[in-house]
2 protein chains.
Amino acid sequence: MLGKDYELQDCSLARSLETVGERWTLLIVRDAFYGARRFNDFQAHLDIPKAVLSDRLTGLVQDGILERRQDPEHAGRHLYELTAAGRDLWPVLYALLAWGTRHRRPGSRVFRHAECGSQLDDAGACPRCQITPSPEQIVTVPRRGRASLREDPVAIALRGPHRLLEPIDT
Amino acid sequence: MLGKDYELQDCSLARSLETVGERWTLLIVRDAFYGARRFNDFQAHLDIPKAVLSDRLTGLVQDGILERRQDPEHAGRHLYELTAAGRDLWPVLYALLAWGTRHRRPGSRVFRHAECGSQLDDAGACPRCQITPSPEQIVTVPRRGRASLREDPVAIALRGPHRLLEPIDT
DNA sequence: CACAGAGGTTCAATCAGCGAACCGCTAGCC
DNA sequence: GGCTAGCGGTTCGCTGATTGAACCTCTGTG
């Protein structure tokens, strides 16, 4: 759905959906949490038409979810990184992830509290430490025997344990 | 975004988005939590084209989010009600609602634990009782002075406090 | 029986998503 | 310096979804 406005709905849910409700948008944000930062990494991992990816990245930057910077190592390249508001979308992402796991099919990855290694519960909290870790404190690991068949840089980086928000090196 | 499949993404987030990621879908689910059950109530409150509403309701029923029943009081009419899987979407809805409130604009309503009256925190928990109430235990009340200008049955029912999932009578 | 309202379906026009092709820039190689 | 490859896009024509208006059927009411 497009950032099409739900103008008449005086509701913060409608406001949220205007910025993250379009097709592909939340998957792009997910990949940003996984550490994707470059145009081609998003594109290769998502199999999304470049024109759509370009449009969504522009929108996410305008809406303050991503920040676009120069890549210090490569002139003329850019990096897209989550802003504070973008990182604050983690509970939304996790709630959807957990719902899909319960009612659809478990995904190929699991999320653990980096500090103690416990698997997060349905609410995203660490059952052992009794806290709800921020994304920086979470590590995602593939379920045993479920490594992805994909060959793009993001999929390869996620074959082993990976801390959220840690940039994948390409 | 359509229930268009994100087939290649082996991820429960993608699975979730296939069922609730289309335009309008989460707003329909929100209205179902507010107690809307009839076609016309959804249509009047959302300003959604009837063809799209019909399509989305059919999809939500097929995906096990809503259940379609005969209206016992009116032959030939139907009621759409949330299934257990649909009610389990509450954390997703609340996470989006809370994000929109923090980063966009506060909506016109507020959510309280019915039992004690405390306003829920950003995670949807009751700060006084230290529990996370299920939707049945939550009451939504308009923010002072922010009653909706709409005149449809759902908007009217929500002018006062209203317990989630309690059917609005039309 | 006429009429109104609920709950849809159908239709033409518009708009967004898609894949392929193209383009400018930088870096590396000869 | 010239050639080529890869990155980060944009453009374009096609397809498929969304939209609002019109229409249709069924039920209950006067």
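Throughout, a chain's letter reflects where its sequence line sits, starting with A, and its residues are numbered from 1. Since the model is a prediction, treat every value here as computed from it, not as a measurement.
To the nearest angstrom, C1' of C/dG7 lies 13 Å from CZ of B/Phe42. Rounded to whole Å, atom C1' of C/dG7 lies 16 Å from atom CG of B/Leu46. Distance, B/Gln70 CD to C/dG7 C1': 12 Å, rounded to whole Å. Rounded to an integer number of Å, the gap from CD1 of A/Ile48 to P of C/dA20 is 15 Å. Atom pair A/Ile28:CD1 and C/dG17:C1' shows a separation of 13 Å (rounding to whole Å applied). Distance CG (A/Leu57) to P (D/dC7): 16 Å, rounded to an integer number of Å. The separation between B/Arg68 atom CZ and C/dA6 atom C1' is 12 Å, rounded to whole Å. In this structure, A/Asp41 atom CG and D/dC7 atom P are separated by 9 Å, rounded to whole Å.
Of the residues A/Asp152, A/Asn40, A/Ile28, the one that meets the side-chain contact (heavy atoms from CB on, under 4.5 Å) test with A/His45 is A/Asp152.
Close to D/dG9, at under 4.0 Å from its OP1 or OP2, lies no side-chain N or O of A/Arg38. The side chain of B/Ser54 places an N or O atom within less than 4.0 Å of a non-bridging phosphate oxygen (OP1 or OP2) of C/dT9. Proximity of A/Trp24 to the phosphate of C/dA16: no side-chain N or O atom is located under 4.0 Å from OP1 or OP2.
B/Tyr80 comes within contact range of the sugar-phosphate backbone alone, with a heavy-atom separation under 4.0 Å but no base atom that close.
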Hey, can you pull the donor-acceptor pairs under 3.5 Å for the side chains in residues 123-130 of chain B, sequence neighbours left out?
| from | atom 1 | to | atom 2 | distance (Å) |
| --- | --- | --- | --- | --- |
| B/Arg128 | NE | B/Ser118 | OG | 3.1 |
| B/Arg128 | NH2 | B/Ser118 | OG | 3.4 |

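Under the 6.0 Å distance and 45° angle rule, B/Arg56 does not count as a cation-pi partner of B/Phe42.
Place B/Asn40 and B/Thr58 on DNA chain C by their nearest nucleotides, and B/Asn40 ends up nearer the 5' end.
With sequence neighbours excluded, no residue forms a salt bridge (charged side-chain N to carboxylate O under 4.0 Å, His left out) with B/Asp71. For B/His103, the ring pair (Phe, Tyr, Trp, His ring centres under 6.0 Å) partners two or more places apart in sequence, or in a different chain, are B/Trp99. Listed by chain and number, the residues in a side chain to side chain contact (heavy atoms under 4.5 Å, CB included) with A/Gln70 are A/His78 (sequence neighbours excluded). The salt bridge (charged side-chain N to carboxylate O under 4.0 Å, His left out) check on B/Arg38 picks up nothing, with sequence neighbours excluded.
Comparing D/dT10, D/dG20, C/dC18 against the side chain of A/Pro49 picks out C/dC18 as the nearest. Nearest nucleotide to the B/Arg23 side chain, out of D/dG8, D/dT18, C/dA6: D/dT18. The listed nucleotides are D/dT19, D/dG9, D/dC7; the one nearest the side chain of A/Phe39 is D/dG9.
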*How does protein reach along nucleotides 21-30 of chain D, written 5' to 3' as B (base within reach of a heavy atom under 4.0 Å), S (only sugar-phosphate), or - (no contact)?*
------SS--
